[in-house]
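Presented below is the structure to which this report refers.
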Amino acid sequence: MYIEIIIVAVIIFFVCEYSGIVSTSRFVNDYQGVLLRFKESDYDFLLKARYGSEIDVNEMYNKRIKNAILVLGFVMFILIADMSYLTVILAGLVGIAVFKLPYMDLKSYRKKHMHEIDVQLPYYLKGLEILIQHYTVPVAIGKSVETAPPIFKEGLQKLIDSINAGDSSIEPYMQFARDYPVRDSMRMMRLLYRLGLGKQERKQEQLMTFSRTISNLQQKARETKYKTRLEKMESKTMTMLVCTGVGVMILMVISILMTFGS
């Protein structure tokens, strides 16, 4: 009887959700400002790194919230006959797990594709170096937006808009680094800001320093890539050796048992 009540309750809930009488989407939209406080600082970047810059970040985040609420409600329905502080905490933990799983999946993707993601900013800045030879840093960044890697376009436009609005501090550059937390992003954006502050007569010297630093960061990224590949090869080799050794031992044991058995 208890199972039947739960099934009927779940059906009623989904009918109400479908008809609009109860709307988790409306709840999420009404409390958007509060719910955004739970969003991870690198969520936007990780999402765009995996699915491209055209992905609707807000829609994906709202979907996470909605799924967590639905699962929380479903678990509460299941445990309603044995409601206690412990069951409420359990239901809350399940809801949090459902909310966090997509983010953990993005973190896992970042770890597997770390090299491809991290090298994009150094290579972009290396290309930007050519424009800086002919223009000021803000103008060069503005002209580079169209040819920049898609993942950076929105952030670069925000950076330029802040500068054009009169913010000549380092903050627009640091905000870009926070929005796109690739390896050494803070360091690279500080270099770019300092290059923009330099005197025109020393521009070539500063540009050479900037170029050498970016080249070193590219080399560092390549070394990390090769190190990762080497570690994977070593891991596979070790696994193969262990499996071969275990297989040989098993065959030896079977052979010995057959010898004594006969």
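Listed here is the closest heavy atom pair of Pro138 and Tyr173: CG-OH, 4.4 Å.
At a threshold of 4.5 Å between side-chain heavy atoms, the hydrophobic network of Ile, Leu, Val, Met, Phe, Trp and Tyr places Leu93 and Leu72 in two separate groups. Two different hydrophobic clusters hold Phe38 and Leu101 under the rule that ILVMFWY side chains link at heavy-atom gaps under 4.5 Å. Clustering ILVMFWY residues whenever any of their side-chain heavy atoms sit less than 4.5 angstrom apart, transitively, puts Ile69 in a cluster other than the one holding Ile96. Under a hydrophobic clustering in which Ile, Leu, Val, Met, Phe, Trp and Tyr are joined whenever their side-chain heavy atoms come within less than 4.5 Å, directly or via other members, Met104 and Ile65 fall into the same cluster.
When the options Leu106, Ile55, Ile151 are evaluated for a side chain to side chain contact (heavy atoms under 4.5 Å, CB included) with Arg50, the one that passes is Leu106.
For the pair Arg178 and Phe45, the cation-pi criterion (under 6.0 Å, within 45° of the ring axis) is not fulfilled.
The main-chain N or O of Lys158 is found under 3.5 Å from a side-chain atom of Ser162 such that the two form a donor-acceptor pair. Put simply, the side chain of Ser211 never gets that close to the backbone of Met208: no donor and acceptor are under 3.5 Å apart. Proximity of a side-chain donor or acceptor of Lys153 to a complementary backbone N or O of Glu146 within less than 3.5 Å is detected.
Interatomic distance, Lys143 NZ to Ile160 CD1, rounded to the nearest 0.5 Å: 11.0 Å. Considering CD of Glu154 and CG of Asp179, their distance stands at 8.5 Å, rounded to 0.5 Å.
Side-chain contact between Leu125 and Leu192 is present, with at least one heavy-atom pair separated by less than 4.5 Å. When side chains are defined from C-beta on, Tyr61 does not count as touching Leu47, because their heavy atoms never get closer than 4.5 Å. At a threshold of 4.5 Å between non-hydrogen side-chain atoms, the residues Leu156 and Tyr124 count as touching. Ile163 places none of its side-chain heavy atoms less than 4.5 Å from the side chain of Ser168. Side chains of Met188 and Phe176 form no contact here, defined as non-hydrogen atoms less than 4.5 Å apart. Put simply, the side chain of Gln175 does not reach to within 4.5 Å of the side chain of Leu159, judged on heavy atoms. Side-chain atoms of Ile170 and Met189, non-hydrogen and from C-beta on, never get closer than 4.5 Å to each other. By the 4.5 Å heavy-atom criterion applied to side chains, Tyr43 and Met60 are counted as neighbours.
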Inset, instruction - Check step by step if salt bridge (charged side-chain N to carboxylate O under 4.0 Å, His left out) holds for Glu40 and Lys100. - result: CA-CA 10 Å; Glu40 300 82 1; Lys100 282 292 185 180; 2.8 Å; yes
Legend entry - Derivation of the side chain to side chain contact (heavy atoms under 4.5 Å, CB included) call for Arg64 and Tyr103: CA-CA 9 Å; Arg64 287 176 61 193; Tyr103 175 70; 3.7 Å; yes
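Every residue two or more places apart in sequence or in another chain that forms a side chain to side chain contact (heavy atoms under 4.5 Å, CB included) with Asp167 is listed here: Ser169, Glu171, Pro172. Legend: residues meeting side chain to side chain contact (heavy atoms under 4.5 Å, CB included) with Ala140, ordered by chain and number and at least two apart, are Leu128, Leu131, Ile132, Tyr135.
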